[in-house]
K.L.:
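Dropping a structure here in structure tokens format, bear with me for questions.
Order of the sequence lines fixes the chain letters, A, B, ..., with proteins taken first and strands second; residue numbering starts at 1 for each chain.
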2 protein chains.
Amino acid sequence: MSGPPANGSEHPHVSPTTTADFPSARGQDVEALVNDLIGRVADKWTMIVLEVLAEHGELRFTQVARRIPGISQKMLTQTLRQMERDGMIIRTVHAVVPPRVDYRLTDLGESLGAAFCGVWIWAEQNLGRIQSARDDFDQRQASRD
Amino acid sequence: MSGPPANGSEHPHVSPTTTADFPSARGQDVEALVNDLIGRVADKWTMIVLEVLAEHGELRFTQVARRIPGISQKMLTQTLRQMERDGMIIRTVHAVVPPRVDYRLTDLGESLGAAFCGVWIWAEQNLGRIQSARDDFDQRQASRD
DNA sequence: CAGCATCCGAAGCGATACTG
DNA sequence: CAGTATCGCTTCGGATGCTG
């Protein structure tokens, strides 16, 4: 890939220290915002919750929890709240007893899910390669004593 | 819900190396492994380094650092090591003085970069929507006193 | 230049207890 | 059921100083 599309808003004051080198000097401010957003979205639990909801459409709290082994109740709540705040999911509270709260993706959330689709596929397809690369690295590391 | 690959059990997933498969925690759930991998890859600095190297091809340490304002030397070193361990980048040490170390993506790293490209585009395109969604949420939250 | 080692405050996170 | 509140441990991560 060649980085973000840069949406045409390039800045003239990106001061290249080396001349005639960077064909794509993009606006640093836009990049910073995108990076910040990526930092929020690129959270382990966020992506997993996203995947679960993308797959099942609408789930209540415990159903989401059951689909994500290893997550604590605290982290699930926190992640769901954050995603709700970012406009990725809709939280529906039913006034019944016992309480029932449903979660589902918004259009925005689904579009992110679609964007992440490629990453999931990549992860599945390259799991083995990463593991062996890691083994190789650790092996070389261990044999330097 | 044009969702992600989601359910690992329904996919042409990996594990061609079917050696002795332990019945316990480690090897039984592909989904768990994918989630683990996602957890590693979904790191803020990892993704930014990935993007920088995808854009520039080959850079030395300080050149990468210059491209990522806000990262500390410690985190950059750490991130680069981790990515090298995962087989995403190649680290070339030139035996010269002053020392020169070049970093570039492997094929695996580039393929991940390609997979993430869609996310980057999404982030740029939906920056505004997330911010206003966040403002709305905070507004509603504040008006409950 | 490209790191590694150390210190230390800040943030993350799980476990537990409690509530409507 | 679906949370909130709190405690305490662990990890993160920046700052600083030192090395080949």
K.L.:
Output all residues satisfying salt bridge (Lys or Arg N to Asp or Glu O under 4.0 Å) with D136(A), sequence neighbours left out; order by chain, then residue number.
P.N.:
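Expected list: none.
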K.L.:
Which is more 5' along DNA chain C, the nucleotide nearest D102(B) or the one nearest M75(A)? Just name the residue.
P.N.:
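Result of the comparison: D102(B).
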K.L.:
Expressed in angstrom and rounded to an integer, what is the separation of D43(A) atom CG from dA11(C) atom P?
P.N.:
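The answer, rounded to whole Å, is 17 Å.
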K.L.:
Please confirm whether the shortest side-chain N or O distance from R60(B) to OP1 or OP2 of dC1(C) is below 4.0 Å.
P.N.:
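Checking dC1(C) against R60(B), no side-chain N or O comes under 4.0 Å of OP1 or OP2.
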K.L.:
Can you list everything that forms a side chain to side chain donor-acceptor pair (under 3.5 Å) with R104(A)? Sequence neighbours excluded, please.
P.N.:
none
K.L.:
When you measure from the side-chain N and O atoms of R100(B) to the phosphate of dA2(C), is any distance below 4.0 Å, counting only OP1 and OP2?
P.N.:
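Indeed not, no polar side-chain atom of R100(B) lies that close.
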K.L.:
Tell me which residues in residues 82-92 of chain B lie within less than 4.0 Å of DNA chain C, going by non-hydrogen atoms.
P.N.:
R91(B)
K.L.:
Would you say Q125(A)'s side chain and W122(A)'s backbone share a donor-acceptor pair under 3.5 angstrom?
P.N.:
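No; judged by distance alone, with no hydrogens or angles, the pair does not exist.
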K.L.:
Testing the 3.5 Å rule here: is there a donor-acceptor pair between the side chains of E110(B) and T106(B)?
P.N.:
no
K.L.:
Please report, rounded to the nearest Å, how far the P atom of dA2(D) is from the CD atom of Q78(A).
P.N.:
19 Å
K.L.:
Could you check how far CG of L76(A) sits from P of dT4(D), rounded to whole Å?
P.N.:
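Going from CG in L76(A) over to P in dT4(D) covers 11 Å.
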K.L.:
List the residues meeting side chain to side chain donor-acceptor pair (under 3.5 Å) with R81(B), not counting sequence neighbours, and say none if there are none.
P.N.:
none
K.L.:
To the nearest 10 degrees, how far apart in direction are the end axes of the helix from dC1(C)-dG20(D) to dG20(C)-dC1(D), each fit to five base pairs?
P.N.:
50°
K.L.:
Does dG3(C) have OP1 or OP2 under 4.0 Å away from a side-chain N or O of Y103(B)?
P.N.:
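Affirmative; the distance criterion is met.
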K.L.:
Please give, in whole Å, the distance from dG3(C) C1' to R81(B) CZ?
P.N.:
7 Å
K.L.:
Within the structure provided, determine whether V41(B) and F116(B) are in side-chain contact (heavy-atom separation under 4.5 Å).
P.N.:
yes
K.L.:
I want to check one thing: is the phosphate of dA2(D), taken as OP1 and OP2, less than 4.0 Å away from some side-chain N or O of T62(A)?
P.N.:
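T62(A) to dA2(D) OP1/OP2: side-chain N or O found under 4.0 Å.
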K.L.:
Over how many whole Å does the gap from W45(A) atom CH2 to dG14(C) atom P extend?
P.N.:
7 Å
K.L.:
Does I89(B) share a hydrophobic cluster with V93(B), counting links as ILVMFWY side-chain heavy atoms below 4.5 Å and allowing steps through other members?
P.N.:
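Yes, I89(B) and V93(B) fall within the same hydrophobic cluster.
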K.L.:
Assign a letter to each nucleotide of nucleotides 15-20 of chain C from its 5' end: B, base within under 4.0 Å of a protein heavy atom; S, sugar-phosphate only; -, no contact.
P.N.:
B----B
K.L.:
Tell me the interatomic distance from I71(B), atom CD1, to dC12(D), atom P, rounded to whole angstroms.
P.N.:
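These atoms are roughly 14 Å apart.
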